[in-house]
Amino acid sequence: MREVTGAVVATSLVLIAVFVPVSLFPGATGRLYQQFALTIAFSIAISAFNALTLSPALAALLLRHRDRPQNRFFAGINSVIRSAPRATRQSFID
């Protein structure tokens, strides 16, 4: 997580720094772009918050190891997925 935190924060701050001044343009141009620029800046801030907090927590919940018996349907799918690399190797060898 430490590897991507700096990149997410830096990218988000640069994008926000670009769009917030656009909302301060004077005249008709400023009125036209004000809502657009603030909406994008707010969306970027929400997206950065999501990328740094909610997404890693959800991934930890979804990817944790479970010791419960597996459904036959998903056991079949998992066996096909596990056999795919072996079948691919065999197709290149033959």
Side-chain angles (χ1 to χ4, degrees):
M1 184 67 188
R2 290 183 187 142
E3 295 86 9
V4 298
T5 301
V8 168
V9 170
T11 303
S12 300
L13 289 177
V14 167
L15 288 172
I16 289 172
V18 167
F19 283 108
V20 169
V22 170
S23 70
L24 302 174
F25 282 174
T29 307
R31 296 290 296 159
L32 185 65
Y33 289 122
Q34 182 178 18
Q35 291 179 354
F36 174 70
L38 291 177
T39 301
I40 290 178
F42 186 71
S43 298
I44 291 168
I46 297 267
S47 176
F49 175 77
N50 182 23
L52 294 174
T53 59
L54 303 176
S55 294
L58 182 61
L61 285 174
L62 292 175
L63 297 176
R64 71 175 179 224
H65 182 68
R66 296 184 181 137
D67 291 329
R68 63 180 186 189
Q70 202 171 34
N71 183 324
R72 278 192 206 177
F73 176 73
F74 292 117
I77 290 175
N78 286 337
S79 69
V80 169
I81 290 172
R82 280 191 292 269
S83 67
R86 190 174 349 125
T88 304
R89 265 186 258 117
Q90 287 299 327
S91 70
F92 286 126
I93 293 171
D94 292 339

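Counting from 1, the numbers follow the sequence of the chain as shown.
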From [atom1] ([X]) to [atom2] ([Y]), nearest 0.5 Å:
X   : Y   : atom1 : atom2 : answer
F74 : N78 : CZ    : CG    : 8.5 Å
L54 : S47 : CG    : OG    : 10.5 Å
T39 : Q34 : OG1   : CD    : 10.0 Å

task: Using modelled atom types only, decide if a donor and an acceptor are shared between the side chain of S83 and the backbone of S79 within a distance under 3.5 Å.
output: yes
- prompt: Is the side chain of T11 donor-acceptor paired with the backbone N or O of V8 at a distance under 3.5 Å, no angle test?
  reply: no
Count I, L, V, M, F, W, Y as connected when their side-chain heavy atoms are under 4.5 Å apart, and connections chain through other members. Are [X] and [Y] then in the same cluster?
X   : Y   : answer
F25 : F36 : yes
V4  : L52 : yes
I44 : V14 : no

- prompt: Is the shortest heavy-atom distance from the side chain of L15 to the side chain of I40 under 4.5 Å?
  reply: no
Taking all non-hydrogen atoms of both residues into account, name the closest pair between [X] and [Y] and its distance.
X   : Y   : value
I16 : P21 : O-CD, 4.2 Å
F19 : A37 : O-CB, 3.1 Å
P56 : A51 : CD-O, 3.5 Å

